[in-house]
Protein chains: 2
Amino acid sequence: MPPTATTPLGSRDKLFAAAAAEFAAHGFAGANVDRIARAAAVNKAMIYYHFESKAKLYRQILCDMFHAVGERVRIVAGSDGTPEDKIRGFVEAIASEAEARPHFPPIWFREVAEGGTHVDEEVARDLSGIVQMLAGIIQEGVGAGRFQPVNPMLVHGGIIAPVMMFFASKGLRERLDQSGARIPHLERQQVVEHIQRVTLGVLEGKLS
Amino acid sequence: MPPTATTPLGSRDKLFAAAAAEFAAHGFAGANVDRIARAAAVNKAMIYYHFESKAKLYRQILCDMFHAVGERVRIVAGSDGTPEDKIRGFVEAIASEAEARPHFPPIWFREVAEGGTHVDEEVARDLSGIVQMLAGIIQEGVGAGRFQPVNPMLVHGGIIAPVMMFFASKGLRERLDQSGARIPHLERQQVVEHIQRVTLGVLEGKLS
DNA sequence: GTCTATAAATAGATAGAC
DNA sequence: GTCTATCTATTTATAGAC
């Protein structure tokens with residue numbers, strides 16, 4: 001049972017949240033269970049009581065992350081809007097999931113860098129499901145004569161990569177700012193709208 | 001003196017190459033100096049002889065990486081092609097640097113995820129220099145009446161993110177393939193040309 | 001469910017011979 | 001420049017009391 005306004009966070013949930021932040025900031029290998037326990041204000045032994053090991057805890061977080069994104073995308077793909085609406089909805093879904101779980105973009109970047117070492121069958125299904133659903137939206141648009149056929153992986157990369165990069169690089173951009181680098185500022189809404197427009201432009205064949 | 005066809009790799013260069021691969025695969029914290037030494041077929045103590053510490057070795061690799069990319073981009077920005085040529089050249093430069101140094105995309109993703117913890121002043125200069133040069137190319141195109149003014153960071157993210165993602169996710173895509181996920185295949189050239197076309201479309205105002 | 005104390009393994013780093 | 005042996009700190013994990 002997830003915590004609500006009336007049920008305070010139990011030790012399990014507090015550890016889960018602290019671990020997500022720790023893994024995002026330091027990666028799997030760099031994450032420290034003592035630090036997780038301290039941040040959660042829960043005894044370290046509780047990690048092993050609830051999650052069995054650092055690795056299983058990490059996998060749990062990965063699973064939760066991609067399951068949530070998959071569900072969110074499923075709603076968009078299954079809605080009754082136009083293909084254009086669904087593309088916009090897909091971009092917005094990824095962005096708002098990234099915002100709701102700040103650990104999502106950094107953990108995903110690290111997982112990509114690591115070649116998906118920790119990606120088990122369940123996560124793999126969620127991941128490919130997301131691509132399949134995007135491919136379905138494109139197919140729908142093509143069938144309706146509104147989209148050009150474009151390799152779904154090109155479209156996928158054109159959305160996921162910059163959205164994740166925007167959120168994951170927040171810390172680095174601030175750091176560069178303080179180093180005196182005059183990097184133009186970016187706003188969330190600006191980025192989302194840009195990617196929506198570009199993706200639709202690609203699919204509607206405005207670039208040829 | 002860098003190694004050439006006639007000068008075989010010294011222990012320093014062998015360690016450098018092995019370390020780059022190790023950091024790419026496991027991250028800074030996850031990298032293991034014993035493994036680096038073994039992969040380089042060089043004694044572990046030589047790491048400390050040549051580089052002083054694991055951290056300094058890592059910074060050296062970061063520096064080298066961004067310095068090379070910066071130089072490459074400088075050549076493109078300073079060439080005498082049209083702004084369109086330079087945009088295409090910029091994309092190609094990033095892609096071919098990523099290909100020449102397979103450790104570049106994964107290390108960069110990890111560094112972004114970590115908020116640039118290991119980014120020192122020198123690397124910060126190279127990084128912001130790359131953005132400035134891209135901004136300069138855009139400005140040039142705007143001045144010539146060929147480009148619309150677009151926030152350089154939007155353009156930058158639209159290039160760097162998907163190019164890095166394409167190269168960094170190679171291992172993960174293979175992994176998903178073997179998990180039975182039917183993910184469409186992507187070819188390097190296809191990706192580069194797509195991003196070139198999209199970026200020019202954005203700058204030439206084809207999307208409004 | 002929670003906590004203390006500690007086992008057991010790993011890994012960064014160095015001394016010192018050659 | 002290279003190598004062996006080793007020191008030391010860190011860290012995952014568990015046993016066992018409450």
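Below, chain A is the first sequence line, B the second, and so on; all start at residue 1.
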Original post:
How many Å lie between CE on A/M46 and P on D/dA13, as a whole number?
Top reply: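 That distance rounds to 16 Å.
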**OP:** Figure out the CZ/P separation between A/F51 and D/dT14, and round it to whole Å.
**Re:**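 In whole Å, D/dT14 P lies 15 Å from A/F51 CZ.
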Donor-acceptor check, side chain of [X] to backbone of [Y], threshold 3.5 angstrom: yes or no?
X: B/R88; Y: B/P83; answer: no
X: A/R110; Y: A/F28; answer: no
X: A/E111; Y: A/H118; answer: yes

Original post:
Got a sec, which residues hit side chain to side chain contact (heavy atoms under 4.5 Å, CB included) with A/P149, two or more places apart in sequence or on another chain?
Top reply: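 Once residues adjacent in sequence are excluded, the partners of A/P149 under the side chain to side chain contact (heavy atoms under 4.5 Å, CB included) criterion are A/V142.
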Original post:
With sequence neighbours left out, what residues match A/A40 under side chain to side chain contact (heavy atoms under 4.5 Å, CB included)?
Top reply: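 Result, side chain to side chain contact (heavy atoms under 4.5 Å, CB included) vs A/A40: A/K14, A/L15, A/A18, A/V42.
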All N/O pairs under 3.5 Å across the protein-nucleotides 9-12 of chain D interface:
{"unit_1": "D/dT11", "atom_1": "OP2", "unit_2": "A/N32", "atom_2": "ND2", "d": "3.2"}
{"unit_1": "D/dT11", "atom_1": "O5'", "unit_2": "A/N32", "atom_2": "ND2", "d": "3.4"}
{"unit_1": "D/dT12", "atom_1": "OP1", "unit_2": "A/A31", "atom_2": "O", "d": "3.0"}
{"unit_1": "D/dT12", "atom_1": "OP1", "unit_2": "A/K54", "atom_2": "NZ", "d": "3.3"}
{"unit_1": "D/dT12", "atom_1": "OP2", "unit_2": "A/V33", "atom_2": "N", "d": "3.1"}

**OP:** Would you check if there is a donor-acceptor pair between the side chains of B/S96 and B/R72 at a distance under 3.5 Å?
**Re:**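 There is such a pair (donor and acceptor under 3.5 Å, judged by atom type) between the side chains of B/R72 and B/S96.
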**OP:** List in numerical order all residues of residues 14-25 of chain A for which some heavy atom is under 4.0 Å away from an atom belonging to DNA chain C.
**Re:**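 Under 4.0 Å from DNA chain C: no residue of residues 14-25 of chain A.
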Original post:
When you check the gap from the basic side-chain N to the acidic O, do A/E92 and A/R188 get nearer than 4.0 Å?
Top reply: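 Yes, this pair counts.
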**OP:** Please examine the side chains of A/L127 and B/I183, heavy atoms only from C-beta on, and report whether any two atoms are closer than 4.5 Å.
**Re:**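 When only atoms from C-beta onward are counted, A/L127 and B/I183 do not touch, as no gap falls below 4.5 Å.
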Subject >> Any pair counted as side chain to side chain donor-acceptor pair (under 3.5 Å), so long as it reaches residues 125-139 of chain B, sequence neighbours left out >> reply: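 Residue pairs with at least one partner in residues 125-139 of chain B: there are none.
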Subject >> Gap separating the OH atom of A/Y48 from the CG atom of A/N43, nearest 0.5 angstrom >> reply: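 Result: 11.5 Å between the selected atoms.
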Original post:
Can you give the first and last nucleotides of DNA chain C, 5' to 3', that have an atom under 4.0 Å from a heavy atom of chain A?
Top reply: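 Footprint of chain A along DNA chain C, 5' to 3': C/dG1 to C/dT4.
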